[in-house]
Structures are given as C-alpha cells and as structure tokens.
Asks: 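Quick one: this structure, given as structure tokens, is what I'll be asking you about.
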Amino acid sequence: RSDVFKSDVGDIIIDTCVAFDTEKWETGIKRNGRWRIVQQYANRELAEKGHSKWIKKIKQNPQLSLKDLDLWGLNKLEEEQ
C-alpha cells in the first residue's frame, strides 16, 4: 500500500487506505489488539477528510464505541464459535 493515511493516538492506530479485498477507501482503527473497519469512502479526498474526522473523535474520546462495518460477516462467525 503506497497511498495511506496512518496516525497513532496513544496506542490506538488509525489507518485509511484502499483495502486490497474491497478495493475501496476505508478507515480501520486498531485498539486493544483488534481492528475495526469504521467507514468507507468513494474517493481519496473523502477518505482524507474521514481520516481526520476519526483522529479528532479518538483524541476526544479514546474509548469511543466503534461499530465495525463487518463487510464479510466475520463478527457473526466469531460469535458462533
């Protein structure tokens, strides 16, 4: 991935890039060892704005509740195990 926005807020990682699996811009947040995809975007400009928005949100509230988009239904699989 050569075109990526990456920021650290304490031990939280906020990463925005074109994901290889969806081929869409998306923001992922890694907190407590777990990644959550929190938003997708139509283009790079929106992704950059979205990335900045997530930095601000996490700085304001590091324990902010994050809803994973769960594009592949993986959360459901984890719950069934």
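Just so it is clear, the model here is predicted, and its values are computed rather than measured. Residue numbers start at 1 and run along the sequence shown.
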Asks: Give the C-alpha distance, both sets of side-chain angles, the deciding distance and a yes or no for side chain to side chain contact (heavy atoms under 4.5 Å, CB included) between Lys67 and Val38.
Replies: CA-CA 6 Å; Lys67 179 166 174 41; Val38 294; over 6 Å; no

Asks: Out of curiosity, Ile29 CD1 to Ile37 CD1, how far, rounded to the nearest 0.5 Å?
Replies: 9.0 Å

Asks: Ignoring hydrogens and geometry, is there a side-chain-to-backbone donor-acceptor pair from Arg31 to Pro62 under 3.5 Å?
Replies: yes

Asks: Check the pair Lys30, Asp15 against salt bridge (charged side-chain N to carboxylate O under 4.0 Å, His left out), reporting the backbone distance first and the verdict last.
Replies: CA-CA 8 Å; Lys30 184 178 182 183; Asp15 184 270; over 6 Å; no

Asks: Return the minimal non-hydrogen interatomic distance between Glu23 and Val18, and the atom names on each side.
Replies: C-CG1, 3.7 Å

Asks: Would Ile14 and Phe5 count as a side chain to side chain contact (heavy atoms under 4.5 Å, CB included) if you check the C-alpha gap in whole Å, the side-chain angles of each, and the deciding distance to 0.1 Å?
Replies: CA-CA 8 Å; Ile14 303 167; Phe5 304 105; over 6 Å; no

Asks: Once you round to the nearest 0.5 Å, how far does CZ of Arg36 lie from CG of Leu69?
Replies: 12.0 Å

Asks: Kindly list each side-chain donor-acceptor pair under 3.5 angstrom involving residues 48-58, sequence neighbours excluded, with atom names and distances?
Replies:
unit_1 : atom_1 : unit_2 : atom_2 : d
His51  : ND1    : Thr16  : OG1    : 2.7
His51  : NE2    : Ser7   : OG     : 2.9
Ser52  : OG     : Glu48  : O      : 3.3
Lys53  : NZ     : Gln39  : OE1    : 2.9
Trp54  : NE1    : Gln39  : OE1    : 2.8

Asks: Going by heavy atoms in the side chains, are Thr27 and Tyr41 under 4.5 Å from each other?
Replies: yes

Asks: Please list, chain by chain and in numerical order, all residues satisfying side-chain contact (heavy atoms from CB on, under 4.5 Å) with Asn43, sequence neighbours excluded.
Replies: Glu45, Leu46

Asks: For Asn61, what residues pass the side-chain contact (heavy atoms from CB on, under 4.5 Å) criterion, not counting sequence neighbours?
Replies: Gln63, Leu64

Asks: Quick one: do Ile13 and Leu66 end up in the same hydrophobic cluster if we chain Ile, Leu, Val, Met, Phe, Trp and Tyr together by side-chain heavy atoms under 4.5 Å apart?
Replies: no

